Every structure is written in structure tokens, then in C-alpha cells.
Amino acid sequence: SPLFIKGRTIIKEHYMRKLWRVVILACMVLTLLGCGKSGGTEDKTKTAEHLLTTIFSADEAMVDSFRQISGQEDLDAWAQKYFGDDMTEDGLQAAMQGRILSQGIALQENGTTMETPKIAIEKRENAGDSEWYDYTVIIQTSDGTQEFSGSLLFKETAGKWLVHDITGRK
């Protein structure tokens, strides 16, 4: 009967509208959850830029506090103060052993004036729960242009990507 078919069509349309609402709601929830996730390439790039800018833009306070270091405990505290938000403990140790963290200070102590560094960062490879990035820092100084390059190993720690190892060369 035509009334039965019409009623069935109305019920079908009603359920289809509900289904579409559920699908749209599910998409919105997934989108919001995806936006809240950290750890994208952009986050790692910002961390790397902050770290490298801090290293190669040593200010007077940073240099003065570096000069007051009298032992390993002071060195650890200094490194944590300036670089701890961007690096794991292993990353800090590797950077101190490689003398990467004091590059800007060495330039300042030699009387070199520096402009804000130009930083280029490029993802190299994934390595399980970590990722390698290559960097190049170009600094215009009173002695001319100086270029530093190296690699950063990022590792996810407590939901945040931090530098776990850093290498560098001039």
C-alpha cells in the first residue's frame, strides 16, 4: 500500500539523518583529538629553533653565569637553566661533552658581535621512537659569516619531543 511505502520512506530518511549526524559528530571529535596531539614536525622544528637560537645568541647574563661555573654541579645547573626545556638529561650530557652549548659563549668571549642566527632544519629519518633532524646555523658576526651544522636526535619523553642527542661542527 502507498501509505506503508511512504511511512517506510519517512522512517528511512529519519534514520539516515541520524546516521549522518553521528558520522559528522564522529569526524568533529576525531578532528579535535587530532588537533590536540603534540609531536608533529612543526613542534620539533620549534624546539630545535629555540634550542639553536639560545645556543648561538648568548646574552651577557648567560655568559656571566657561565663564567661563574666552578664545578660539574654548577655546569649541570647552568645547562638545565638555559636548555633544560628543550633537551632530555642524556641530550644535555651529550651536548656538554661535545661542547655544543658553549659555541655562542665562545663567540661572545672573543669579542665577536652577532646578529640573530639564520636556522635551517630538515628532517632526515625516523628511528623507532625517535627522529633525526639536520640543522645549519648561519651567523653574521663582526668577523664575517660563520656556519655551524650538525644533527639533532629527538625522542618523545612524557608526551613531548625533546632533543636527546646533538652533534655539531663548524
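In what follows, every heavy atom counts, from backbone to side chain, and hydrogens, waters and symmetry copies are set aside. Just so it is clear, the model here is predicted, and its values are computed rather than measured.
- Between Gln80 and Met87 the shortest side-chain heavy-atom distance does not fall below 4.5 Å.
- For the pair Thr47/Phe154, a side-chain contact is recorded, criterion being any heavy-atom separation below 4.5 Å from C-beta on.
- The OG1 atom of Thr88 lies 13.0 Å from the CD atom of Glu156; values are rounded to the nearest 0.5 Å.
- Across every non-hydrogen atom of Lys155 and Ser130, the tightest pair is CA-CB, 4.3 Å.
- Here the CG-OH distance, from Leu153 to Tyr133, works out to 11.0 Å after rounding to the nearest 0.5 Å.
- Nearest heavy-atom pair, Ile166 versus Gly91, reported as atom, atom and distance to 0.1 Å: CG2-O, 4.5 Å.
- With sequence neighbours excluded, no residue forms a side chain to side chain donor-acceptor pair (under 3.5 Å) with Lys118.
- Closest approach of Leu51 to Val163, counting heavy atoms only: CD2-CG2, 3.8 Å.
- Applying the side-chain contact (heavy atoms from CB on, under 4.5 Å) criterion to Asp85, with sequence neighbours excluded, gives no partner residue.
- Taking all atoms of both residues into account, the shortest heavy-atom contact from Phe56 to Pro117 is CB-CG, 4.1 Å.
- Gln140 is linked by a side chain to side chain donor-acceptor pair (under 3.5 Å) to Thr145, counting only residues two or more places apart in sequence or in another chain.
- Considering only residues two or more places apart in sequence or on other chains, Gln72 meets the side chain to side chain donor-acceptor pair (under 3.5 Å) condition with Asp76.
- Put simply, CG on Asp90 and CG on Leu162 are 11.5 Å apart, with the number rounded to the nearest 0.5 Å.
- In this view, Lys123 and Glu131 satisfy the salt bridge (charged side-chain N to carboxylate O under 4.0 Å, His left out) rule, not counting sequence neighbours.
- A chain of hydrophobic side-chain contacts below 4.5 Å, direct or via other Ile, Leu, Val, Met, Phe, Trp or Tyr residues, connects Ile121 to Phe148.
- The NZ atom of Lys160 sits 13.5 Å away from the NZ atom of Lys44 when rounded to the nearest 0.5 Å.
- Applying the ring pair (Phe, Tyr, Trp, His ring centres under 6.0 Å) test to every pair with at least one member in residues 83-108, sequence neighbours left out, gives these pairs: Trp78-Phe83.
- In plain terms, the two heavy atoms of Tyr135 and Gly168 that are nearest each other are OH-CA, 3.4 Å.
- Under the side-chain contact (heavy atoms from CB on, under 4.5 Å) criterion, Ser151 pairs with Arg124, Trp132, Asp134, Thr167, not counting sequence neighbours.
- Taking the side-chain contact (heavy atoms from CB on, under 4.5 Å) definition, one finds that Thr141 meets it with Thr112, Met114, Ile139, Asp143, Gln146, sequence neighbours left out.
- In this structure, Gln68 and Asp74 have side chains that are not in contact, with every pair of non-hydrogen atoms separated by 4.5 Å or more.
- Sequence neighbours left out, the pairs with a member in residues 59-72 that pass salt bridge (charged side-chain N to carboxylate O under 4.0 Å, His left out) are Asp64-Arg67, Arg67-Glu109.
- The line from NZ of Lys46 to NE2 of His50 is 12.5 Å long, rounded to the nearest 0.5 Å.
- Tyr82 and Thr54 make their closest contact through O-CG2, 3.7 Å (heavy atoms, listed as atom of the first residue, atom of the second, distance).
- Scanning for side chain to side chain donor-acceptor pair (under 3.5 Å) contacts around Glu49 gives an empty result, with sequence neighbours left out.
- Residues meeting the side-chain contact (heavy atoms from CB on, under 4.5 Å) test with Ala58, sequence neighbours left out: Met62, Val63, Ile105, Gln108.
- Separation of atoms CD1 (Ile119) and OG1 (Thr45) is listed at 11.0 Å; rounding is to 0.5 Å.
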